[in-house]
Amino acid sequence: MNRGAIKTLASGWAGDPQQSRYSGLYDTGLDRAQEQFAMESKALYKDASTVTVVDGTASYNLPSDFMWEKKMTHKGILLTPISRATMEYYQESDWTDDTGTPKFYIIDPEEGRKTFTLYPIPQGDDAGANLILTYYPLPASSTDDTVNPLNASALMAQFHYGIAAYLAWSLLGNETYTPEISTKRSDLMLTYQKAVTQAVDTFGNTKSASLRLKGGRYWKRDI
């Protein structure tokens, strides 16, 4: 469904088929609904944001739609996430001067930075368009009813009903409390949560887990 179809579905569930009672709230509400779904399900991610590593440069800008990382590789080698606090605790010298092939990365998502830092500082042999950041993006906002939500991902279309349910749930939050409104909002939230659960189950193979065989045994093979 595109945004227009989702708003139509949500407006029916909210008892506002003409979209007049909550006029002006639909686009913003839909944006918040898709953002909430993306955060809770972790089903929407970008698998190939390539960064060019520069000799002697440790810090690089995060994508503008970055929420948090899924993984980072350099020359096909998986880097390990680490915090500044951990580096400062274990290092006896100024670790920000250490050079060598990167093995770790630090995410600085706060507004003043919005960068990631490689450790150690990459050198000449490490340079090139060879670092891939896989991350969970903040879905793009829109007011165009022809646009599909969740960055127009075709894989996410099966969960659009959940976004419509969350939108209707949020719209009904503007109503004076009654038992009927409370029941309807509870039902809508259950519909939304069902979509989140389905997304988690559907894309569960993206999580770091060993293969499980019948009988409850786990098997891990060398790659």
Side-chain angles (χ1 to χ4, degrees), residues 1-14 22 24-51 60-73 78-79 81 105-111 113-116 131-174 185-209:
M1 290 185 284
N2 58 26
R3 290 177 64 96
I6 288 175
K7 288 193 288 185
T8 296
L9 179 58
S11 67
W13 283 342
Y22 309 111
L25 299 178
Y26 281 92
D27 283 320
T28 300
L30 201 161
D31 286 337
R32 300 296 83 78
Q34 66 167 347
E35 289 169 5
Q36 190 68 26
F37 178 85
M39 287 187 284
E40 290 195 51
S41 69
K42 297 183 178 66
L44 180 68
Y45 62 89
K46 293 187 176 181
D47 203 26
S49 179
T50 302
V51 177
Y60 301 84
N61 291 331
L62 289 169
S64 60
D65 60 348
F66 177 89
M67 286 202 295
W68 58 86
E69 84 280 7
K70 186 173 186 290
K71 65 178 179 178
M72 187 180 296
T73 61
L78 187 67
L79 302 185
Y105 67 91
I106 300 167
I107 295 289
D108 289 315
E110 47 269 69
E111 193 67 26
R113 295 180 185 270
K114 288 188 177 179
T115 61
F116 67 87
L131 187 144
I132 295 179
L133 169 63
T134 302
Y135 69 98
Y136 302 98
L138 185 71
S141 300
S142 179
T143 57
D144 185 347
D145 282 352
T146 67
V147 169
N148 290 344
L150 296 169
N151 294 349
S153 170
L155 292 174
M156 298 294 105
Q158 59 192 306
F159 310 121
H160 288 177
Y161 75 95
I163 294 175
Y166 191 95
L167 173 55
W169 172 85
S170 66
L171 293 173
L172 288 174
N174 295 283
R185 293 191 81 217
S186 294
D187 291 343
L188 289 167
M189 181 52 64
L190 286 174
T191 299
Y192 165 74
Q193 291 172 344
K194 179 181 178 181
V196 171
T197 299
Q198 182 183 354
V200 172
D201 290 344
T202 301
F203 293 96
N205 62 334
T206 64
K207 294 177 287 194
S208 298

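The residues of the chain are indexed from 1 along the displayed sequence.
Residues Asn2 and Asp145 share a closest heavy-atom pair of CG-O, 3.1 Å. Across all non-hydrogen atoms, the minimal contact from Ala38 to Met67 is CB-CE, 4.2 Å. Closest of all the heavy-atom pairs between Phe203 and Ala43 is CD1-CB, 3.8 Å. Considering every non-hydrogen atom in both Phe116 and Asn61, the closest pair reads CE2-O, 4.0 Å. Here the shortest heavy-atom pairing between Ser142 and Asp31 reads N-OD1, 3.6 Å. Closest approach of Leu44 to Pro139, counting heavy atoms only: CD2-CG, 4.1 Å.
Of the inter-residue distances, the one linking Thr73 atom OG1 with Leu78 atom CG reads 7.0 Å to the nearest 0.5 angstrom. Distance OG/Ser41 to CG/Leu150: 7.5 Å, rounded to 0.5 Å. Going from atom CZ of Arg185 over to atom OG of Ser170 covers 8.0 Å, rounded to the nearest 0.5 Å. Here the straight-line distance linking atom CG of Leu171 with atom CG of Leu30 works out to 9.5 Å at 0.5 Å rounding. Distance CG/Asp108 to OG1/Thr115: 4.5 Å, rounded to 0.5 Å. Atom-to-atom distance recorded for Asn148:CG and Gln34:CD is 10.5 Å, nearest 0.5 angstrom.
With a 4.5 Å cut-off on side-chain heavy atoms, Pro81 and Glu69 count as touching. Between Tyr135 and Lys71, the closest side-chain pair of non-hydrogen atoms is not below 4.5 Å. Here the side chains of Lys7 and Asp27 are in contact, with some heavy-atom distance below 4.5 Å. Proximity of Thr202 to Leu155: side-chain heavy atoms (C-beta onward) are nowhere separated by under 4.5 Å. The side-chain heavy atoms of His160 and Leu9, taken from C-beta on, include no pair separated by under 4.5 Å. Between Arg3 and Ile163 the shortest side-chain heavy-atom distance does not fall below 4.5 Å. Taking 4.5 Å as the limit, every side-chain heavy atom of Pro149 sits out of range of all side-chain heavy atoms of Met156.
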Could you go through Tyr161 and Gln198, starting from their C-alpha distance and side-chain angles, then the distance that decides it, and tell me whether this counts as side-chain hydrogen bond (donor to acceptor under 3.5 Å, both in side chains)?
CA-CA 12 Å; Tyr161 75 95; Gln198 182 183 354; 3.2 Å; yes

Begin with the C-alpha distance, continue with both residues' side-chain angles, and end with the deciding distance and a verdict on side chain to side chain contact (heavy atoms under 4.5 Å, CB included) for Ile107 and Phe66.
CA-CA 11 Å; Ile107 295 289; Phe66 177 89; 4.1 Å; yes

Begin with the C-alpha distance, continue with both residues' side-chain angles, and end with the deciding distance and a verdict on side-chain hydrogen bond (donor to acceptor under 3.5 Å, both in side chains) for Asp144 and Thr146.
CA-CA 5 Å; Asp144 185 347; Thr146 67; 2.7 Å; yes

Between Tyr192 and Gln36, is a side-chain hydrogen bond (donor to acceptor under 3.5 Å, both in side chains) present by the stated rule, with each step listed?
CA-CA 10 Å; Tyr192 165 74; Gln36 190 68 26; 4.7 Å; no

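Below 30°, between 30° and 60°, or above 60°: for Trp68 and Tyr136 the angle between ring planes is between 30° and 60°, a tilted geometry.
If you look at Phe37 and Phe159, their ring centroids are closer than 6.0 Å.
Side-chain N or O atoms of Thr28 include none that pairs as donor or acceptor with a backbone N or O of Leu25 at under 3.5 Å.
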